[in-house]
Amino acid sequence: MNLALEVLSAAIASIVSFVLCFAGTKRLITYLASKKMTVLDFHKADKRQVPRPGGPALIAAIVVGEGILFGTTQSIAVLALLIVTLLSGLIGLIDDLKTLGGIAKPALLSTVGLPVLALEYLIPESNVFNHHLYLPLFSVPTNLALIYPLLVLIAIPVATNTINTVDVLNGVASGTILIALVPVAFGISLRILEGKGSPIALLAVFPLYLSLIAFFFFHRYPSRIFPGDSGSLALGGAYATISIIGGVEIVAVIAILPAILNSFFFLSTVKRLVEHRQIKTQPTGILPDGTMFASRDTRAPTTLLRMVLATRPMKEDLVVREIFKLAAISAVLSAVTAILTWVVVIG
Amino acid sequence: LDRAFAYLTAIIVVAWLLVLAGAVIVFALIVPFNYFHDFLDPIVQGVLATILSLAWIWIMVLIRNSFVRKEILAKTEESS
């Protein structure tokens, strides 16, 4: 198939994803509200209820969009992205409906990378990933033939959990990925220009991105729907898989540094796998007018939110803006990393 | 400029620089093995990845502790 037809197919897939996610989320808000499937928005003074989960609309849009792209390109890498998004989202949906424990969820998520390995090794010339890892500043890739498959198995559950952990404020999970996908697409483009990447990986970003834009319209502050674990885990799974099939692993890690640091600081304080709802001493508090403040309790876990609020209490919209500014700084550093990896090399 | 925001920006930049430093270390160690054979012993790869990850974690924990002590817990002492 020639490139022009692949681009046309990606354009159609992206438009379908956008329309499906927009219309699907709108309908889902009405449906979830009618079924009383709502949760308290903790950080609002009026203690409003918000429908949850919005994940099914997001997952359906991504899966259909990537499905169209797979149908026309027959790219196994796109199929891997589709399967990981679907599996991560389904595990999240189980968690939304039945509540999985702090151990069961990561255990289930640790299996999500298996289809990626199966597709790579069972289908000849599938080119799902390349185990040559390109490091910034040096032109010679490191061959991680045995370690890379292990990294795939670890990276996907880590990314899903990272995005899940940062989903505590209106629009943050979807907004962070929206910002992070820009340098990731830029990195994939540079890799393609250097003749080391596949255009399909770049085309696969667009249905995901357009779905996310449509979802962010409803998830941004003040949220009209929450993605739930189904949405945040699907996003994390899709993001990790895009970085693997695009060969921009380090660029993708740098792009979500605020979310990674949030997850890392939280886990390094509580020192075990635990759900946020199981934490007895909360990292932040809220005043009757909706202003948020950092807990001064020494037993409270350290999180990005607590750190942002360390010097002054803030309303939720301001905190979200501060987090997006940090995400934008990471995106710039990530783009610089991409340039240092494929354009400016010294070794 | 908000102090917490400036501090968090610095943390992100430090975390990024550590990743770049890790790349330099990996490359410096890999070139002698890798240049002709395109392959480094998986055990060496694993050990190297573990050491660099632990170094990253250790430095980030030190930074986190410093932030919590100076910007969060110090405020409690001031107010009490």
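Residue numbers start from 1 in every chain, and the chains themselves are labelled A, B, ... in the order their sequence lines are given, proteins ahead of strands.
For the residue pair Val308(A) and Ala4(B), the shortest heavy atom distance occurs at O-CB, 3.7 Å.
For Leu133(A), no part lies under 4.5 angstrom from a heavy atom of chain B. Ser268(A) touches chain B through backbone and side chain together, each having a heavy atom under 4.5 Å away.
Within the structure, every pair that satisfies the salt bridge (charged side-chain N to carboxylate O under 4.0 Å, His left out) test and touches residues 323-340 of chain A, not counting sequence neighbours, is listed here: Glu322(A)-Lys325(A).
Atom CD1 of residue Ile12(B) and atom CG of residue Leu326(A) lie 4.5 Å apart, to the nearest 0.5 angstrom. Atom CZ in Phe264(A) sits 5.5 Å away from atom CH2 in Trp56(B) (nearest 0.5 Å). The OG1 atom of Thr311(A) lies 3.5 Å from the CG atom of Asp2(B); values are rounded to the nearest 0.5 Å. Separating the CZ atom in Phe265(A) from the CG atom in Asn65(B) is a distance of 9.0 Å, to the nearest 0.5 Å.
Ranked by non-hydrogen atom pairs under 4.5 Å with chain A, the options Val68(B), Ile57(B), Val61(B), Val19(B) are led by Ile57(B). Annotation: maximal heavy-atom pairing with chain B below 4.5 Å, among Leu257(A), Leu333(A), Thr337(A), occurs at Leu333(A).
Residues Trp16(B) and Val336(A) are in side-chain contact: their nearest non-hydrogen atoms beyond the backbone lie under 4.5 Å apart. Using a 4.5 Å cut-off on side-chain heavy atoms (C-beta onward), Phe5(B) and Ile329(A) make contact. For the pair Leu8(B)/Leu304(A), a side-chain contact is recorded, criterion being any heavy-atom separation below 4.5 Å from C-beta on.
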Apply side chain to side chain contact (heavy atoms under 4.5 Å, CB included) to residues Arg64(B) and Thr269(A) and explain how you reach the verdict. CA-CA 10 Å; Arg64(B) 181 206 68 193; Thr269(A) 327; 3.7 Å; yes

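The number of heavy-atom neighbours closer than 6.0 Å to CZ of Phe42(A), taken from other residues, nucleotides and ligands shown, is 12 or below.
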